[in-house]
Amino acid sequence: MCGIVGYIGERDATPVIVNGLRKLEYRGYDSAGVAVLENGKIEVRREAGKISGLETLIQQSPLHGKIGIGHTRWATHGVPSQQNAHPQVGSTGKIVIVHNGIVENYLALKEELSSEGVEFKSETDTETIVHLIEHFFAVSQDLYGAVVETLKRIRGAHGIVVLSSDYPDQLIAARLGNAGGIAIGLGEGETFIASDLPALVEFTHRIVFLDSGEIAVVKKDSLEISTINGKKVKPVVQNVPWDPISAEKGLYRHFMQKEIHEQVRSLSDTLVGRVEFDNYSIVLPDLKCDQEKARSIQKIMITACGTAAYAGMVGKILLEKIARIPTEVIIASEFRYADPLVDENTVVLAISQSGETADTLAAMAEGRKRKATIWAIVNAIGSQAMRVADGFISMQVGPEIGVASTKAFTAPILNLYMLAVYLADLRGTLSKTRRIELVRDLLRVPGLAEKALSHEDEIMVLAEQYKHVRSALYLGRGINMPIAYEGALKLKEITYIHAEGYPAGEMKHGPIALVDKDLPVIALATQDAWYEKMVSQIEQAKARSGKVIAVATEGDELIPPIADAVFWVPKTPWLLSPVINVIPLQLFAYHIAVLRGLDVDQPRNLAKSVTVE
C-alpha cells in the first residue's frame with residue numbers, strides 16, 4: 001500500500017514530492033514523510049496520519065533543496081508514529097531511505113547489527129536496511145556497492161530509494177521481486193521516481209520501469225541501470241499516455257490484467273499490520289474480539305455474493321480446520337429467506353469488495369435482528385458494510401477497477417486464514433508451534449503468487465487454442481472445489497463462454513454426460529490430500545475423449561502424460577493453495593476475452609457494485 005516518490009533536478013524538491021505523495025493516496029497509508037538535501041545536510045519531516053499533517057509540519061518548519069525522497073507508509077512493523085514513519089535515517093544522518101516491502105529476515109539482521117553497537121530508533125524493519133547500507137559504506141566508501149551488498153542480505157520483495165549527503169548529485173533506486181514497483185520518469189534536466197505512475201505523469205510521459213533485481217543510479221540528466229550481479233542494463237523508455245486513467249494502467253492493456261499482477265503486492269499488503277513478526281502471531285484490532293468473545297462463538301455464518309461467496313467457501317474450511325468453529329456459507333440473496341438459525345452466539349461474517357452490495361447489507365441487517373455479532377471483510381474504507389459491522393477486517397488491496405474481481409478474491413481468503421489463526425489462538429485450540437508454522441506459511445504467499453504469474457506466456461498460448469470453445473467444465477475437490485466455481489465464473493463473466501464449476505467427485509452423477517472432444521475440462525489437480533482422486537477424474541474425462549487442462553504442482557511427472565495441457569503452479573501449503581491455484585484460471589479467462597475482442601474491464605450486463613436486489 002505504501003507510496004514512494006523521489007526527485008532530482010532544478011525545482012524545489014519538496015512540493016514536487018508532496019504533490020506526488022498526494023497522487024498516491026489511493027494506495028492507503030497511515031503516516032508520511034519527506035527528506036531533502038538542503039545545504040549539504042539531509043533534512044527530514046515526518047508525521048503520523050494524513051499528508052495534510054505533514055504539510056502543516058513543513059509549513060511550520062520549511063525545507064528546500066533540489067534532491068529528495070518521500071513516502072506514505074502503511075504500518076507493518078511498529079505502530080503508526082512519527083518515529084516509525086519513512087524516510088528512515090541512518091546513525092550518521094548522512095544516509096536516508098524510503099522502502100516498500102517487508103524484510104522477512106529483519107530480526108536476524110537487527111540482532112546482528114545491534115551486536116555491533118548499532119542503536120535502533122524505530123520499530124521498523126526498514127531501519128535495518130539503512131543501517132546495513134551504512135555498515136557496508138563505512139568499509140567501501142562506495143554507496144552503490146553498499147546498496148548492492150545490502151540487497152544481497154535482505155529477504156523478501158522490495159522497492160527502495162536511497163539518498164546520501166555524500167552523493168548530492170544522485171539517488172539510487174532498486175527493486176527486488178514484484179511487491180515493490182519502481183518507475184523512473186525522465187524529464188529535461190530533471191528525473192522523477194515513484195512506485196506508481198500517477199505521481200509521474202504530470203511531469204513526464206517518458207518512463208523507465210525497473211525489473212526485479214535491477215538497481216538504478218539516478219541523476220538529473222542521466223540514468224544507469226545494472227542488475228544486482230553487476231550486469232549493465234540498457235534503459236527501455238516507455239511512452240506513457242498523459243491521460244490519468246490510462247496512466248494508472250501502466251504497461252498493462254486492461255485494469256483486470258494489472259490487478260491480476262498486483263496480487264503479489266496486494267497479498268503482501270493484506271498481511272500489513274496483521275502479522276506480528278516478533279512472535280509469528282496474528283492481530284486484528286478492528287475486529288474488536290477478545291478471548292471471552294472468541295470462546296463464546298458457537299457458529300459462524302459467512303454471507304456474500306458471487307466471487308466473495310466462493311472466497312467464503314474456502315473460509316469455511318479454514319475456520320473449521322484451524323479454529324474448530326462450525327461454519328456455514330449462505331448466499332446473501334438467500335439469507336433473509338432461509339430463516340437461518342442465528343442467535344447471540346453466532347457471528348454473521350459478510351464479505352464484500354464494495355461494502356455496498358444490497359443483498360449482503362440485507363443479510364447483515366437480518367443477522368442483527370436475530371442478535372448475532374456482525375463482522376465484515378471489506379475493501380472500500382468507510383463503506384456501509386464497514387460502518388454497520390461490530391468489527392471488520394479491511395482487505396487493503398487498493399482500488400479494484402475491473403468488474404471481474406481478482407485481487408479482491410484472493411485477499412479475503414488470506415483474511416479468513418488470519419481470522420482462523422487469530423480465533424484459534426484466542427480460544428486455545430492452537431499450539432504455539434502450529435501457530436508459528438501457519439503464520440510462516442502465510443508469509444510465503446506473495447512470493448508463490450509471483451511464481452504462478454511467471455507462467456503467463458504459456459497460458460496465453462493455451463488461450464489461443466481454446467478461445468472458440470462454447471462451454472467448459474471446471475472440477476475441484478476439497479479446499480479447491482470453490483476455485484473450480486471461481487474459475488468458471490471468471491470465464492463466464494468476461495468471455496461470455498458458458499462454464500460450469502463442479503465438485504469433481506460428483507462428475508459421474510450427471511456432468512460426465514457432457515464430456516466429449518469439444519468440451520475442455522479444467523481440473524485442479526495439485527499435490528494435496530485429493531490429488532489421487534483428481535488424477536482419477538482426469539483419467540475418466542480422457543476416457544471419454546475430453547480435452548483436459550490440469551492445474552498441477554511444478555515438478556509433477558504424473559499429470560503431463562495424461563492431460564492435454566498443464567497450468568503449472570508452485571508447491572503451496574494446502575490450506576493456502578486456493579490463493580495460488582486461482583491465478584492461472586484468472587489469466588486464462590483474461591487472455592481468452594482479449595483474443596475474442598471483448599471489453600474485459602466492463603463486461604456486458606455487469607456492474608462493479610450491485611446495489612439493488
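Just so it is clear, the model here is predicted, and its values are computed rather than measured.
- Residues satisfying the salt bridge (charged side-chain N to carboxylate O under 4.0 Å, His left out) criterion with Glu38, sequence neighbours excluded, are absent altogether.
- Residues meeting the side-chain contact (heavy atoms from CB on, under 4.5 Å) test with Pro235, sequence neighbours left out: Val208, Leu223, Ile225.
- Legend: residues meeting side-chain hydrogen bond (donor to acceptor under 3.5 Å, both in side chains) with Lys110, ordered by chain and number and at least two apart, are absent.
- Taking the six-membered ring where the residue is Trp, Phe192 and Phe203 present parallel rings, their angle staying beneath 30° rather than reaching 60°.
- The list of side-chain hydrogen bond (donor to acceptor under 3.5 Å, both in side chains) pairs with a residue in residues 410-427, not counting sequence neighbours, reads Gln263-Thr410, Asp425-Arg435.
- Among residues at least two apart or in separate chains, there is no salt bridge (charged side-chain N to carboxylate O under 4.0 Å, His left out) pair with a member in residues 414-423.
- Applying the side-chain hydrogen bond (donor to acceptor under 3.5 Å, both in side chains) test to Glu456 and every residue at least two apart in sequence or in another chain returns Gln257, His261, His591.
- Among Ile377, Ile322, Val314, the single residue meeting the side-chain contact (heavy atoms from CB on, under 4.5 Å) criterion with Leu416 is Ile377.
- Not counting sequence neighbours, the partners of Asn19 by the side-chain hydrogen bond (donor to acceptor under 3.5 Å, both in side chains) test are Glu202.
- Residues passing the side-chain hydrogen bond (donor to acceptor under 3.5 Å, both in side chains) test with Thr124, sequence neighbours excluded: Ser122.
- With sequence neighbours excluded, the residues forming a salt bridge (charged side-chain N to carboxylate O under 4.0 Å, His left out) with Glu437 are Arg434, listed by chain and number.
- For the pair Ser52 and Arg22, the minimum side-chain heavy-atom distance is below 4.5 Å.
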Validation: residues 166-173 side-chain donor-acceptor distances under 3.5 Å, sequence neighbours left out:
residue, atom, partner, partner atom, Å
Tyr167, OH, Gln141, O, 3.2
Tyr167, OH, Leu143, N, 3.4

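- Remark: Val130 engages Ile95, Ile97, Glu127 in a side-chain contact (heavy atoms from CB on, under 4.5 Å) (not counting sequence neighbours).
- Between Ser394 and Arg274, some side-chain heavy-atom pair lies under the 4.5 Å cut-off.
- Residues Ala32 and Ala85 share a closest heavy-atom pair of O-CB, 4.3 Å.
- Residues Lys94 and Phe137 have side chains not in contact (no heavy-atom distance under 4.5 Å, counting atoms from C-beta outward).
- The side-chain hydrogen bond (donor to acceptor under 3.5 Å, both in side chains) contacts involving residues 58-69 comprise Glu10-Lys66, Asp12-His64, Arg45-Ser61, where partners must be two or more places apart or lie in separate chains.
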